[in-house]
Enquirer: 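Okay, handing you the structure first.
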Amino acid sequence: MSRPQPLSGFPELLPRQRIVEQQVVDHLRRAFELHGFANLQTRAVEPMDQLLRKGETSKEVYVLRRLQSDERDTSDAELGLHFDLTVPFARYVLEHAGKLNFPFRRYQIQPVWRGERPQGGRYREFWQADIDIVDQGELPAHYEVEVALVVADALRGLPLPKVTMHVNNRKLSQGFYQGLGIRDTDEALRIIDKLDKIGPDATAKLLIDGVDATPEQAEACLKLAAISGEDASFADEVRALGVSDSLLEEGLAELTAVVEAAASAAPGFVVADMKIARGLDYYTGTVYEVFIEGEEHLGSICSGGRYDKLASDGKNTYPGVGLSIGVSRLLVPLLQAGRLDATREVPTCVLVALNHEDDRPAANATAQRLRARGIPVQVSPSAAKFGKQIKFADKRGIPFVLFTNDEGDQIKDIRSGDQATVDLDTWNPPAEDLHPRITAE
RNA sequence: GUGGUCGUAGUUCAGCUGGUAGAACGCUUGGUUGUGGUCCAGGAGGUCGCGGGUUCAAGUCCCGUCGAUCACCCCA
């Protein structure tokens, strides 16, 4: 009982890992803003009826309770921590609709909480980076293309393993099932979503038992789910299955648009994949899931879709489309495996060495001269032997140590050992050393 | 919530069929009288997750508990 133990599902990073996370988040933020998304923060808690509407009863919501609350005090009893950023956003849009301009696009990067059993890549507290575009009444389909491209843009340029976005359209699948004569297309979709896990035979059996499909219908559903492709030719394969339905045609057109746009804007990133279904039942059109190549067992590191009825006050509906990047799921496993790291564990670029404790005021002034030009500097903790002061910098990855002696101000690059007299008002570190950088494997 | 595995120094681990704890790395001191990284010599650091039981004796066996981890469920 001496040292506190970690809490499963609540990952905490070391400073050098946090540097990586921070830079990734900065990168995402810049990318979202380049596409015109405004930032938003919503409170951590939502009323339980907001969190649980749409029948999301299976969500493991953390409920808020005051420790000293008395049995009869129910004032906080109806609050829970949000488990994603989409539901709070829908609530926010309804609440502030009068002050927002539509179509409205926003990004949100915040922690969310789910009371599920944690394991690799699954946490009880984790960060999501979420983008959504909502409109009033009708949402043009081109936004379903746009959000995919924004995510492609945001993930590109990060030193990550190859990631691929798998896209489907619920209208396509459900239209197909409907055209086949299957009644409960929602349930059929949920069953198809399990295909990868339980295999085709078990899936067929579930379809026959669960939605009264005939063996032939189940077979057709599996054939559809098997179709995938990086270009519009997937649509021909679907049509070749011989099912005709207007909803199916709508879905085919929309999915084709996404795939074609992505193929030219971000080649190799998007693949049409008819077995993507998404368990969440509020999705109504395009659905997206992004996987890390070779790390598919982690599940999707970014997913979302179009939702037409999530935000509705009865009079007005605000259809939207959005994607959430699971920042923690994306980074924590890679950090723990050492596949991502930072060049140093502190922002400090230069350590000012001390000759004597009495020199501290002068050293502070020296440091301040460099800081004034944007160079992160700290002064040595003590006037220990120079070897120790260099070691202090080395252990933290600080690349430069500044000595002041008879020669003047000298900067030592402790990686190469090179030391040279410099002019403090003009000296600059190489651009790549000014701030810590992310290194991959 | 259900099931499997695991829990020994800061870290990674060893400890055979029970005989009151070890290595490597890290940390620290010195060799190196103010410029580190190599090398050498020393040093510190563990109520073996916690509680109970069996035994002359438990890190080792049994039970419980807590924690971690994997699979299921579900999802970012």
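Throughout, a chain's letter reflects where its sequence line sits, starting with A, and its residues are numbered from 1.
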Enquirer: So A:Leu7, base contact, sugar-phosphate only, or nothing? Heavy-atom distance under 4.0 Å.
Expert: sugar-phosphate
Enquirer: Is the distance between the ring centroids of A:Tyr107 and A:Phe32 under 6.0 Å?
Expert: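 Yes - the distance between ring centres of A:Tyr107 and A:Phe32 falls below the 6.0 Å cut-off.
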Enquirer: Whole angstrom is fine here: how far is it from CD in A:Gln119 over to C1' in B:U5?
Expert: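 From A:Gln119 CD to B:U5 C1': 14 Å.
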Enquirer: Sort out the partner of B:G1 for me: Watson-Crick or G-U wobble, both distances under 3.5 Å, none otherwise.
Expert: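 For B:G1, the partner nucleotide comes out as B:C72, under the 3.5 Å rule.
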Enquirer: Around atom CZ of A:Arg360, are there more than 12 heavy atoms from other residues, nucleotides or ligands closer than 6.0 Å?
Expert: yes
Enquirer: May I have the distance from A:Leu298 (atom CG) to B:A71 (atom P), rounded to whole angstrom?
Expert: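 Rounded to whole Å, this separation is 10 Å.
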Enquirer: Rounded to whole Å, how long is the line connecting atom CG of A:Leu14 with atom P of B:U11?
Expert: 11 Å
Enquirer: I'd like the C1' distance from B:C61 over to B:U17, given in whole Å.
Expert: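 Going atom to atom, C1' in each nucleotide, I get 12 Å.
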Enquirer: Go along nucleotides 29-37 of chain B 5' to 3' and tag each nucleotide: B for a protein heavy atom under 4.0 Å from its base, S when only backbone or sugar atoms are that close, - otherwise.
Expert: S---SBBBB
Enquirer: Is A:Arg106 positioned over the aromatic face of A:Phe104, cation under 6.0 angstrom from the ring centre and no more than 45 degrees off axis?
Expert: no
Enquirer: Which base, if any, makes a Watson-Crick or G-U wobble pair with B:G22, both distances under 3.5 Å?
Expert: B:C13
Enquirer: In whole angstroms, how far is the P atom of B:G10 from the NZ atom of A:Lys395?
Expert: 17 Å
Enquirer: Scan every strand shown for a Watson-Crick or G-U wobble partner of B:G67, both distances under 3.5 Å, and answer none if you come up empty.
Expert: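 The answer is B:C6, by the H-bond criterion.
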Enquirer: Taking B:G30 as the reference, what is the distance to B:A21 when you measure between their P atoms (whole Å, please)?
Expert: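 It comes out at 32 Å once rounded to the nearest Å.
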Enquirer: In whole Å, measure the gap between the P atoms of B:G18 and B:C62 for me.
Expert: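 Each nucleotide's P atom is 11 Å from the other's.
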Enquirer: Below 4.0 angstrom from OP1 or OP2 of B:A76, is there any side-chain N or O of A:Ser303?
Expert: yes
Enquirer: Please give the distance between the C1' atoms of B:U8 and B:A24 as a whole number of Å.
Expert: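 The answer is 15 Å between these two C1' atoms.
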Enquirer: Take atom C1' in B:C27 and the same atom in B:U11, then report the distance between them in whole Å.
Expert: 11 Å
Enquirer: Using a heavy-atom cut-off of under 4.0 Å over every strand shown, decide if A:Gly121 touches base, sugar-phosphate, or nothing.
Expert: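 It contacts base atoms.
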Enquirer: Could you label the plane-to-plane angle of the A:Tyr62 and A:Phe10 rings as parallel, tilted or perpendicular, counting under 30° as parallel and over 60° as perpendicular?
Expert: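 Rings of A:Tyr62 and A:Phe10: tilted, 30 to 60°.
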Enquirer: When the P atoms of B:C6 and B:G64 are compared, how many Å lie between them, rounded to an integer?
Expert: 15 Å
Enquirer: Given the C1' atoms of B:U32 and B:G37, what is the spacing between them in whole Å?
Expert: 14 Å
Enquirer: Counting the benzene-type ring for Trp, do A:Tyr123 and A:Trp113 have ring centres under 6.0 Å apart?
Expert: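 Centroid separation for A:Tyr123 and A:Trp113: 6.0 Å or greater.
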